[in-house]
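Every chain is numbered from 1, with letters handed out A, B, ... down the list of sequences.
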There are 2 protein chains.
Amino acid sequence: MKRTILIYGIALAALVFILKYLEYRFFVRDVSLEFYIGLLAVFFTGLGIWTGLRLTRTQVITIGPEFALNEIELGRLGISKREHEVLELIAKGLSNREIADKLFVSLNTVKTHSSNLFLKLEVSRRTQAVQKAKELRLIP
Amino acid sequence: MKRTILIYGIALAALVFILKYLEYRFFVRDVSLEFYIGLLAVFFTGLGIWTGLRLTRTQVITIGPEFALNEIELGRLGISKREHEVLELIAKGLSNREIADKLFVSLNTVKTHSSNLFLKLEVSRRTQAVQKAKELRLIP
DNA sequence: CGAATAATCATCCTTTCGGGTGACGGAATT
DNA sequence: AATTCCGTCACCCGAAAGGATGATTATTCG
């Protein structure tokens, strides 16, 4: 999001510079205001649509094994980084004990994370969680 | 989101200041041009985002690779029909109890099948069994 | 600063799994 | 007929997983 805004600002600034440059370079001092307005309207409408597409839940049509993490869904379900890590390890077939050791946390912590995961994914077993997470493209 | 809008506004304000600075720097004749540019940018960006949101309705078309059951591996591991059925239901995230009900057999039977499965697949947990079975293309 | 969130850990209790063993009838094979 | 395999079921026990709740700390946000 911050990157988007940054790109946006830079694009805006660059556009102004280009316009100014052209204006002075070619002494086109009498470029009509309507022309500017039209140009800007088109440009920023396009940019706006692009941003809109960024913001919306854009489902990527995947053909084959390429995995694109569905961050929108992740955010929608409110799954945190740590929970996502646990989810990945669950999908790998690790037990809670093994996950705890791998993440250097206690067994209880892993159980808490997984419980929260089940709530957010609306499932009650880890196998279901894995299945649903794959459907939602939260994990490869 | 509110924060985003706030940052956005601040960025825009900063941009206007920059533009004002440039205005004096390059002795721009039209004083209010940049202001109009900024205004137009905001307006048409909003319009673009609105249009983008309007236009994009999510449609998920997943074209996955068709599943070909690996019967050779099935035979090699000596997995019976019934065991394979249980394996599929395990992969669907069902509990042993649910599998038993679905197959009209007792819980103990399902447990026997799953235990035999784990031996044949050389795993110790159902999540691992699902993982391995997918790798070996025993299930979709 | 106060509120909210994320991450951590704990305790208690119930359910589910997994492992081991044994048994029995039916079908196919030898 | 004897053997082997499959499917079925049972009992036992310990380990793992799941559910509920509360507490602490750190960071972030308003």
Side-chain angles (χ1 to χ4, degrees), chain A residues 1-2 5 71 73-133 138, chain B residues 1-11 71 73-133 138:
Chain A
M1 183 48 71
K2 287 174 182 171
I5 294 171
E71 295 185 55
E73 203 66 19
L74 260 186
R76 201 178 68 78
L77 298 175
I79 293 175
S80 69
K81 280 181 290 293
R82 207 55 162 168
E83 286 164 353
H84 188 250
E85 279 186 86
V86 172
L87 178 57
E88 284 177 325
L89 295 176
I90 285 178
K92 278 189 180 178
L94 303 193
S95 68
N96 287 340
R97 179 73 266 167
E98 291 167 335
I99 294 171
D101 291 344
K102 178 156 283 189
L103 297 182
F104 301 106
V105 295
S106 86
L107 176 60
N108 292 306
T109 303
V110 176
K111 291 179 68 173
T112 304
H113 284 321
S114 60
S115 283
N116 291 333
L117 266 172
F118 299 154
L119 283 178
K120 290 170 181 177
L121 290 174
E122 295 175 293
V123 296
S124 52
R125 275 181 292 281
R126 47 176 57 222
T127 43
Q128 292 179 336
V130 171
Q131 212 210 352
K132 190 147 189 178
L138 304 180
Chain B
M1 184 48 76
K2 287 174 182 173
R3 198 192 61 221
T4 304
I5 294 171
L6 187 67
I7 292 173
Y8 204 95
I10 292 171
E71 296 185 53
E73 202 67 18
L74 259 186
R76 201 179 68 77
L77 298 175
I79 293 175
S80 71
K81 278 182 292 292
R82 207 55 164 168
E83 286 164 354
H84 188 249
E85 280 186 87
V86 172
L87 178 56
E88 285 178 323
L89 295 177
I90 285 178
K92 278 190 181 177
L94 303 193
S95 69
N96 288 341
R97 179 73 266 168
E98 290 166 335
I99 294 172
D101 291 343
K102 180 157 281 190
L103 297 182
F104 300 106
V105 294
S106 86
L107 175 60
N108 291 308
T109 304
V110 175
K111 289 181 67 175
T112 304
H113 285 321
S114 62
S115 283
N116 291 333
L117 266 172
F118 298 155
L119 284 177
K120 290 170 181 175
L121 289 173
E122 295 175 294
V123 297
S124 52
R125 272 181 294 280
R126 47 178 55 220
T127 42
Q128 292 178 337
V130 171
Q131 214 207 352
K132 190 150 190 176
L138 304 180

Looking at [X] and [Y], what are the two nearest heavy atoms and their distance?
{"X": "A:Ala91", "Y": "A:Val130", "answer": "CA-CG2, 3.6 Å"}
{"X": "A:Gln128", "Y": "A:Ser124", "answer": "OE1-N, 3.1 Å"}
{"X": "B:Ile90", "Y": "B:Ser114", "answer": "CD1-CB, 4.1 Å"}
{"X": "A:Val86", "Y": "A:Ile99", "answer": "O-CD1, 4.2 Å"}

Query raised in the report: Any sub-3.5 Å donor-acceptor pair from A:His84's side-chain atoms to A:Leu138's backbone N or O?
Result: yes

Which residues share a side chain to side chain donor-acceptor pair (under 3.5 Å) with [X], sequence neighbours left out:
{"X": "B:Asn116", "result": "none"}
{"X": "B:Glu85", "result": "B:Arg82"}
{"X": "A:Thr109", "result": "A:Ser106"}

Report task. State, with a plain yes or no, whether a side-chain heavy atom of B:Leu89 is found less than 4.5 Å away from one of B:Val110. Result -> no

**Report entry** B:Arg125 side chain near B:Phe118 side chain, heavy-atom distance below 4.5 Å
**Finding:** no

Query raised in the report: Which of residues 103-110 of chain A have a heavy atom under 4.0 Å from DNA chain C?
Result: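 Heavy-atom contacts with DNA chain C come from A:Val105, A:Ser106, A:Asn108, A:Thr109.
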
Report task. Scan residues 76-102 of chain B against DNA chain C and write down, sorted by residue number, each residue with any heavy atom closer than 4.0 Å; if none is found, say none. Result -> B:Ser95, B:Asn96

Query raised in the report: Looking at A:Lys92 and A:Glu98, does any basic side-chain N land under 4.0 Å from a carboxylate oxygen?
Result: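 Result for this pair is no, no salt bridge flagged.
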
Query raised in the report: What's the NE2-P distance between A:His113 and D:dG18, to the nearest Å?
Result: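 Taking NE2 of A:His113 and P of D:dG18, I get 15 Å after rounding.
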
Query raised in the report: What is the distance from CG of A:Asn116 to C1' of D:dA20, rounded to the nearest Å?
Result: 11 Å

Requested in this report: Describe, as an angle rounded to 10 degrees, how the axis at the first end of the helix from C:dC1-D:dG30 to C:dT30-D:dA1 is tilted relative to the axis at the last end, five pairs per end.
Outcome: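 For the helix from C:dC1-D:dG30 to C:dT30-D:dA1, the axes at opposite ends meet at about 50°.
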
Query raised in the report: What is the per-nucleotide protein-contact pattern of nucleotides 19-26 of chain C, from the 5' end, where B denotes a base atom under 4.0 Å from a protein heavy atom, S denotes such proximity for sugar-phosphate atoms only, and - denotes neither?
Result: B-------

Report summary line: Taken in chain and number order and not counting sequence neighbours, the residues that satisfy side chain to side chain contact (heavy atoms under 4.5 Å, CB included) with B:Arg76 are B:Glu73

Query raised in the report: For DNA chain D, whose closest nucleotide is more 5', that of B:Lys120 or that of A:Arg126?
Result: B:Lys120

Report task. Can you sort out the partners of A:Lys120 under salt bridge (Lys or Arg N to Asp or Glu O under 4.0 Å), two or more places apart, ordered by chain and number? Result ->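 For A:Lys120 the salt bridge (Lys or Arg N to Asp or Glu O under 4.0 Å) partners, ignoring immediate neighbours, are A:Glu83.
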
